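Encoded as structure tokens, the structure appears first; notes follow it.
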Amino acid sequence: MDNLLPRKSLFVYKICLLSLIPITKGDYPPFFSLDCPDPTLGTTSTYAPNSTYKTNLNTLFSALSSHSNNASNGFYNFTAGTSPPDITYGLFLCRGDISSAECQDCVVYATQNVVEWCPKSKRVTVWLEGCMLRYSNEYIFARQDRGFMGVLHNTWNVTNKTHFNEVLGEVMDDIVNRTSSDDSGKKFATAQVNYSPNETLYGLAQCTPDISNSDCNTCLRDCILAFPSCCDAKQGAIVRLPSCNVRYETYPFYNANFSSAPPPPTPVLRPPPPPSTTATSSPGKTFFCKAWI
């Protein structure tokens, strides 16, 4: 995978350029998004190979990996070290519909490779298909982070943009409300609705369980606000902040048999006007985030 992984660091607030690539069955899900400081910014953002911070980081990775198979809500945080500036704070968040074994595979993969993707950086957030790994030399727990935003979108467009956006707005509003009021411990919800007789829209929203319901709601709505500029009329998109993420597709992409925040009664949606052309779906594909500087 080395030829696929960006070697340059990303700046905070950068938005990724995207490309759509097919996934061969059996391959590990590709790299999604990476946020790490530019190492040229100074020693406060980087660590030396034999430093105390590096030792604490190794301890953190070990703790996160060992707890990734038994985190009931797919979330765990840990602190390694006791003395600033070498304390390392870290966490992982697994997508709410995957199994504990899949969660562990994703977290272990991330901890084993993240230093190569982002060498010597003290503050890193990486998103893969099934999980997010995050660590920092600054306290990051129970705080909404509205910094770096990772954006990915499908290259295919929908045929009836106006109606699609109306349905997308209703779906997103529903799952944001259910996610931010979810007391199950996951802060995770999904929904699906037919937006035409033969086409279905699938949506997903998730927050890190350590932030408040109010912060979760705000974070998710910040993600949705990015849709018009990044993903208008696209058949699928993902928008991620360190504390939350949203995704929608026109094909099933999550496990519908998991337990999440219960949906409200199914709304009655207005039928769409006749489409002008036949829509083309793109099942079996996912996204790869390329950095730009």
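All values below come from the heavy atoms of this structure, side chains included, with hydrogens, waters and symmetry mates left out. Given the structure is predicted, the values throughout are model-derived calculations rather than measurements. Here, residue 1 is the first one in the sequence, and each next residue gets the next number.
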Practice item. Answer yes or no on whether Lys122 is positioned over the face of Tyr53, meaning its NZ or CZ is under 6.0 Å from the six-membered ring centre and within 45° of the axis. Key: yes
Review point. Would a hydrophobic clustering, with Ile, Leu, Val, Met, Phe, Trp and Tyr connected at side-chain separations under 4.5 Å, put Leu168 with Val193?
Key: yes
Review point. Which heavy atom of Ile211 sits nearest a heavy atom of Ala142, and at what distance?
Key: CG2-C, 4.3 Å
Review point. Would you call Arg240 and Glu129 a salt bridge, using N to O less than 4.0 angstrom?
Key: no
Review point. What's the verdict on side chain to side chain contact (heavy atoms under 4.5 Å, CB included) for Thr125 and Met132, showing C-alpha distance, side-chain angles and the deciding distance?
Key: CA-CA 7 Å; Thr125 303; Met132 174 187 72; 3.9 Å; yes
Review point. Does the separation of the ring centres of Trp156 and Tyr251 fall below 6.0 angstrom?
Key: no
Practice item. For Asp145 and Arg134, run salt bridge (Lys or Arg N to Asp or Glu O under 4.0 Å): C-alpha distance rounded to whole Å, both residues' side-chain angles, the deciding distance at 0.1 Å, then the answer. Key: CA-CA 12 Å; Asp145 190 321; Arg134 185 182 180 199; 2.4 Å; yes
Check your understanding: With side chains defined as the heavy atoms from C-beta onward, is the minimum distance between Ile98 and Asn255 less than 4.5 Å?
Key -> no
Review point. Sub-3.5 Å donor-acceptor pair from the side chain of Ser121 to the main-chain atoms of Arg123, do we have one?
Key: no
Review point. Can you name the nearest heavy-atom pair linking Cys231 to Val151, along with the distance?
Key: SG-CG1, 4.1 Å
Practice item. Would you kindly confirm whether Met172 and Val167 end up in one hydrophobic cluster when ILVMFWY residues are joined by side chain heavy atoms under 4.5 Å apart? Key: yes
Check your understanding: Any chance the side chains of Asp232 and Asn165 put a donor and an acceptor closer than 3.5 Å?
Key -> yes
Exercise for review: Mark yes when over 12 heavy atoms from residues, nucleotides or ligands other than Asn50 sit less than 6.0 Å from its CG; otherwise mark no.
Suggested key: no
Review point. Can you tell if the side chain of Tyr202 reaches within under 4.5 Å of the side chain of Val171, non-hydrogen atoms only?
Key: no
Review point. Does the side chain of Thr208 come under 3.5 Å of the side chain of Asp210 through a donor N or O and an acceptor N or O?
Key: yes
Check your understanding: Do the rings of Tyr195 and His163 sit parallel, tilted or perpendicular, given the 30° and 60° boundaries?
Key -> tilted
Check your understanding: Rounded to the nearest 0.5 Å, how far apart are CD of Glu249 and OG1 of Thr200?
Key -> 13.0 Å
**Study point:** Backbone N/O of Val158 and side chain of Gln235: donor-acceptor pair under 3.5 Å
**Key:** no
Point to revise | Pair Val124-Trp117, side chain to side chain contact (heavy atoms under 4.5 Å, CB included): steps then yes or no | key: CA-CA 10 Å; Val124 176; Trp117 301 332; over 6 Å; no
Review point. So do the side chains of Leu241 and Asp222 get within less than 4.5 Å of each other, counting heavy atoms only?
Key: yes
Point to revise | Path from Phe141 to Ile87 over hydrophobic side-chain contacts below 4.5 Å | key: yes
Review point. Taking Thr179 for the side chain and Val176 for the main chain, is one N or O donor matched with an acceptor at less than 3.5 Å?
Key: no
**Study point:** Under 3.5 Å: donor-acceptor pair, side chain of Ser66, backbone of Ala63
**Key:** yes
Check your understanding: Within a strict 4.5 Å, meaning less than it, do heavy atoms of the Ser68 and Tyr76 side chains meet?
Key -> no
Check your understanding: Excluding sequence neighbours, so at least two apart, what forms disulfide (SG to SG under 2.5 Å) with Cys223?
Key -> none
Exercise for review: Please examine the side chains of Arg247 and Val239, heavy atoms only from C-beta on, and report whether any two atoms are closer than 4.5 Å.
Suggested key: no
Point to revise | Closest contact, heavy atoms only, Leu128 versus Ala110 | key: CD1-CB, 4.0 Å
Review point. Thinking salt bridges, do Arg178 and Asp174 make one under a 4.0 Å N-O criterion?
Key: yes
Point to revise | Value rounded to 0.5 Å, distance of SG in Cys230 from CG in Leu225 | key: 11.0 Å
Point to revise | Side chain Lys186, main chain Gly96, donor-acceptor under 3.5 Å | key: yes
Exercise for review: Would you indicate whether the side-chain heavy atoms of Thr218 and Arg146 approach each other to under 4.5 Å?
Suggested key: yes
Exercise for review: Identify the heavy atoms of Gly185 and Asn73 that sit nearest to each other, and give their distance.
Suggested key: O-ND2, 3.0 Å
Point to revise | ring pair (Phe, Tyr, Trp, His ring centres under 6.0 Å) contacts touching residues 215-243 (sequence neighbours left out) | key: Phe227-Tyr248
Review point. Counting N and O atoms only, with roles assigned by atom type, does the side chain of Glu102 sit under 3.5 Å from a partner on the main chain of Ser99, one being a donor and the other an acceptor?
Key: yes
Point to revise | Plane angle bin for Tyr89 and Tyr139 - parallel if under 30°, tilted between 30 and 60°, otherwise perpendicular | key: perpendicular
Review point. Would Thr88 and Thr79 satisfy side chain to side chain contact (heavy atoms under 4.5 Å, CB included), going step by step from the backbone distance to the final call?
Key: CA-CA 6 Å; Thr88 309; Thr79 302; over 6 Å; no
Review point. Does the Ser51 side chain pair with the main chain of Tyr47, one donor and one acceptor, at a distance under 3.5 Å?
Key: no
Practice item. Compare all side-chain heavy atoms of Asn245 with those of Leu204 and state whether any distance is below 4.5 angstrom. Key: yes
Exercise for review: Evaluate the pair Cys118, Cys36 and indicate whether the two SG atoms are within a distance below 2.5 Å.
Suggested key: yes
Review point. When rounded to the nearest 0.5 angstrom, what is the spacing between CD in Glu199 and CG in Leu201?
Key: 10.0 Å
Check your understanding: Cys94 and Cys106: sulfurs closer than 2.5 Å?
Key -> no
Practice item. Any chance you could lay out the side chain to side chain contact (heavy atoms under 4.5 Å, CB included) test for Val126 and Ser33, step after step, and finish with the verdict? Key: CA-CA 6 Å; Val126 57; Ser33 309; over 6 Å; no
Exercise for review: Drop me the distance from Thr250's OG1 to Gln192's CD, to the nearest 0.5 angstrom.
Suggested key: 12.5 Å
Check your understanding: Are a donor atom and an acceptor atom from the side chains of Asn217 and Ser180 found within less than 3.5 Å of each other?
Key -> yes
**Study point:** Residues Asp173, Arg221; criterion salt bridge (Lys or Arg N to Asp or Glu O under 4.0 Å); working and verdict
**Key:** CA-CA 9 Å; Asp173 191 58; Arg221 294 192 184 280; 3.0 Å; yes
Review point. Of Phe78, Tyr135, Phe75, which meets side chain to side chain contact (heavy atoms under 4.5 Å, CB included) against Leu91?
Key: Phe75
Point to revise | Under 3.5 Å side-chain donor-acceptor pair for Asn213 and Lys187 | key: yes
Point to revise | Pairwise distance CG(Asp215) to OG(Ser243) - rounded to 0.5 angstrom | key: 8.0 Å
Practice item. For Asp86, enumerate each residue passing the salt bridge (charged side-chain N to carboxylate O under 4.0 Å, His left out) test, keeping only those at least two apart in sequence or located in another chain. Key: none
Practice item. Kindly check if Cys131 and Cys103 bring their SG atoms closer than 2.5 angstrom. Key: no
**Study point:** Exercise: identify the closest heavy-atom pair between Val107 and Leu64
**Key:** CG1-O, 4.0 Å
**Study point:** Chi angles and distances behind the disulfide bond (SG atoms under 2.5 Å apart) call for Cys244, Cys216
**Key:** CA-CA 7 Å; Cys244 69; Cys216 175; over 6 Å; no
Review point. Of the non-hydrogen atoms in Gly203 and Ile175, which two are nearest, and what is the gap between them?
Key: C-CD1, 3.7 Å
Check your understanding: Are Leu93 and Val108 connected, step by step, through hydrophobic side chains (Ile, Leu, Val, Met, Phe, Trp, Tyr) whose heavy atoms are closer than 4.5 Å?
Key -> no
